[in-house]
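Report on one structure; see the data block that follows.
Numbered from 1 within each chain, the chains take letters A, B, ... in sequence-line order. Remember, predicted model here, so these are calculated numbers, not experimental data.
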Amino acid sequence: MTNLLEIRDLHKRYGAVEVLKGVDCSMRQGEVISIIGSSGSGKTTMLRCINMLEEFQGGTIAIDGQEIGYETAGDARRRKPEREIARQRALTGMAFQQFNLFPHMTAAANVMLGLVKVKKMSRDEARGLAEKWLDRVGLLSRKDHYPGQLSGGQQQRVAIARAIAMNPKLMLFDEVTSALDPELVNEVLQVIKGLADDGMSMLIVTHEMRFAYEVSSRVIFMNQGRIAEEGDPREMFLKPRTERLAEFLKTSTFN
Amino acid sequence: MTYSLNFAAVWRSFDLLLQGLSLSLGLAVVAIVVGCMIGLITAFGLVSKSVALRRPAGFYVTAIRNTPILVLVLFSYFALPQLGVRLGKIESFVLTLAIYSGAYLAEVFRGGLIAIPPGQREAGLAIGLTEMQIRTSITIPLMLRSVLPSLGSTMISLFKDTSLAAAIAVPELTFEARKINVESFRVIETWIVASCLYVATCSLLAALMRRVERRLAVPR
């Protein structure tokens, strides 16, 4: 059986600065993987390569055996047509640190937009699905509210509903609690935990060590553009094999 | 010497002034609609990653914004026919005004476009929207909301600029006022009434724009 996600020798440069120096990673259907590491280690960049929000210069990423973003044949490498890339982006869903809800649309309209424009659903069908997912994240009563009328935690839950409603094969979470007030973090983490329990495949970039420990089937520790250590969360957090990870865990809050 | 105001002559020709006013408004409306389309396309050119789009857009804005509008009006009415482009007075003026306002609106729209956080586009991409869908569903609606106040003042300027059509004898408000002034010799009265008509119309336009702003405001 092909892996859900297969990353091979991923290289990414910003000009002369190499931020990903050969990342390999495979992920099976239903896995929940947390990516930890200090800022600048490349974890967010790696996530953003998977849905082509970042271009990458070397290596391949495949979802369900489908090569993402580029066509490679031997040494030749070509960016796929934009329409094809847009279609591939819908294989994944992403939640962002800053939520990025569309401010001029209600919560329901935010969730419906992709369903109508990308999935070509009728408005009624899309509305039904949007309400189902807003209910799932506990915000059905706020469906007609605009993002500016919601708290940060509520906005992030709507953003997660917007991504999940598209029925992605893989969810990407990019530091989704970093911009939240501490008392709002938990409601968002609970939603993600619920999705994990449903068997959703997820890649989670996070600074919440306790959460990573509890929710992940596997943890990846990134350091200076490479995967420095990966494995079972219990072993990694309790018995780090590398000095870098031990040091990183010492400086991060585990609460 | 004392001058006693007598508006009788002006009132007698008031319907001419109103005809002029409605032509002025018509000129302004057509020019702003066409100008908005030109401005929108140019604005996307100005913020484009491609030099091949940025260059011509930038050239257009620089050339048009830095030429006095009266010069443009006279150029298209008197010089273009020499180059084989024959347009009627009104068509020539409306086209000029549209091209002129397009250059200003392009800058207004550009300001609105660069103020949109990049995360908005990324969120659109992440759910699988194409660049064109992002433009129509996210970028343009957000940009229009943020530029409405400056769009309003551009519209008012544009409406007042229609008075320059008098220079090529388009029978709009200023042209009609001058005619009445010449025929009746009631100089002060004529221009007071004409000014009042401009002020009243502009105030109405401003009120209308504020309503649109309130209607489109995002609740928070």
Side-chain angles (χ1 to χ4, degrees), chain A residues 47-48 50-54 81-107 109-120 144-150 155 158-168 171-174 179, chain B residues 36 40 43-45 47-54 108-152 209-220:
Chain A
L47 208 64
R48 288 165 58 87
I50 296 172
N51 65 356
M52 284 296 284
L53 287 186
E54 300 285 351
E82 289 313 304
R83 201 153 270 285
E84 173 69 4
I85 290 178
R87 198 189 57 74
Q88 291 190 327
R89 283 198 181 101
L91 295 172
T92 58
M94 184 177 238
F96 300 84
Q97 182 173 357
Q98 299 296 339
F99 333 135
N100 298 346
L101 287 180
F102 309 127
H104 59 304
M105 298 181 190
T106 62
N110 263 277
V111 183
M112 287 167 64
L113 184 66
L115 300 174
V116 172
K117 298 274 176 188
V118 179
K119 300 266 185 200
K120 309 291 178 200
D144 296 323
H145 284 54
Y146 285 83
Q149 300 170 313
L150 300 172
Q155 288 188 55
V158 173
I160 292 172
R162 174 175 72 181
I164 281 284
M166 295 295 289
N167 193 22
M171 267 301 293
L172 309 170
F173 292 92
D174 185 13
Chain B
C36 276
L40 201 57
F44 278 108
V47 301
S48 165
K49 269 180 279 191
S50 143
V51 184
L53 295 176
R54 252 186 356 246
V108 170
F109 293 155
R110 186 182 70 87
L113 287 178
I114 58 178
I116 297 173
Q120 291 291 311
R121 177 174 162 268
E122 290 182 354
L125 290 175
I127 54 175
L129 296 179
T130 62
E131 296 280 0
M132 195 48 92
Q133 288 172 325
I134 290 171
R135 259 173 231 143
T136 55
S137 298
I138 304 164
T139 318
I140 293 177
L142 285 178
M143 178 274 280
L144 283 181
R145 280 175 176 81
S146 72
V147 304
L148 272 180
S150 24
L151 193 61
M209 283 308 286
R210 270 198 300 276
R211 260 185 84 135
V212 174
E213 256 178 69
R214 270 202 304 276
R215 168 84 41 104
L216 290 181
V218 174
R220 45 176 57 256

Original post:
Among residues 109-120 of chain B, which ones touch chain A with a heavy-atom distance under 4.5 Å?
Top reply: B:Gly119, B:Gln120
**OP:** Can you measure from CD1 (B:Ile138) to NZ (A:Lys117) and round to the nearest 0.5 angstrom?
**Re:** 10.0 Å
Subject >> A:His104 side chain to B:Ser137 backbone, donor-acceptor under 3.5 Å >> reply: yes
Original post:
Of the backbone (N, CA, C, O) and the side chain (C-beta and beyond), which part of A:Phe102 lies under 4.5 Å from a heavy atom of chain B, both, or neither?
Top reply: both
Original post:
Can you name the residues that form a side-chain hydrogen bond (donor to acceptor under 3.5 Å, both in side chains) with B:Glu122, not counting sequence neighbours?
Top reply: A:Arg48
Original post:
Given that the side chain runs from C-beta out, which part of A:Met105 has a heavy atom under 4.5 Å from chain B: side chain, backbone, both or neither?
Top reply: side chain
Original post:
If you count heavy-atom pairs under 4.5 Å between each of A:Gly114, A:Pro103, A:Ala90, A:Gly93 and chain B, which one has the most?
Top reply: A:Pro103
Original post:
What part of A:Leu150 lies closer than 4.5 angstrom to a heavy atom of chain B: side chain, backbone, both or neither?
Top reply: neither
Contacts table for residues 124-132 of chain B: side-chain donor-acceptor under 3.5 angstrom, sequence neighbours left out:
residue  : atom : partner  : partner atom : Å
B:Thr130 : OG1  : B:Gln133 : N            : 3.3
B:Thr130 : OG1  : B:Gln133 : OE1          : 3.4
B:Glu131 : OE1  : B:Arg121 : NE           : 3.2
B:Glu131 : OE2  : B:Arg121 : NE           : 3.3
B:Glu131 : OE2  : B:Arg121 : NH2          : 2.8

Original post:
How about residues 140-151 of chain B versus chain A: which residues have heavy atoms under 4.5 Å apart?
Top reply: B:Pro141, B:Leu142, B:Arg145
Original post:
At a heavy-atom separation under 4.5 Å, does A:Thr92 approach chain B through its side chain, its backbone, both, or neither?
Top reply: backbone
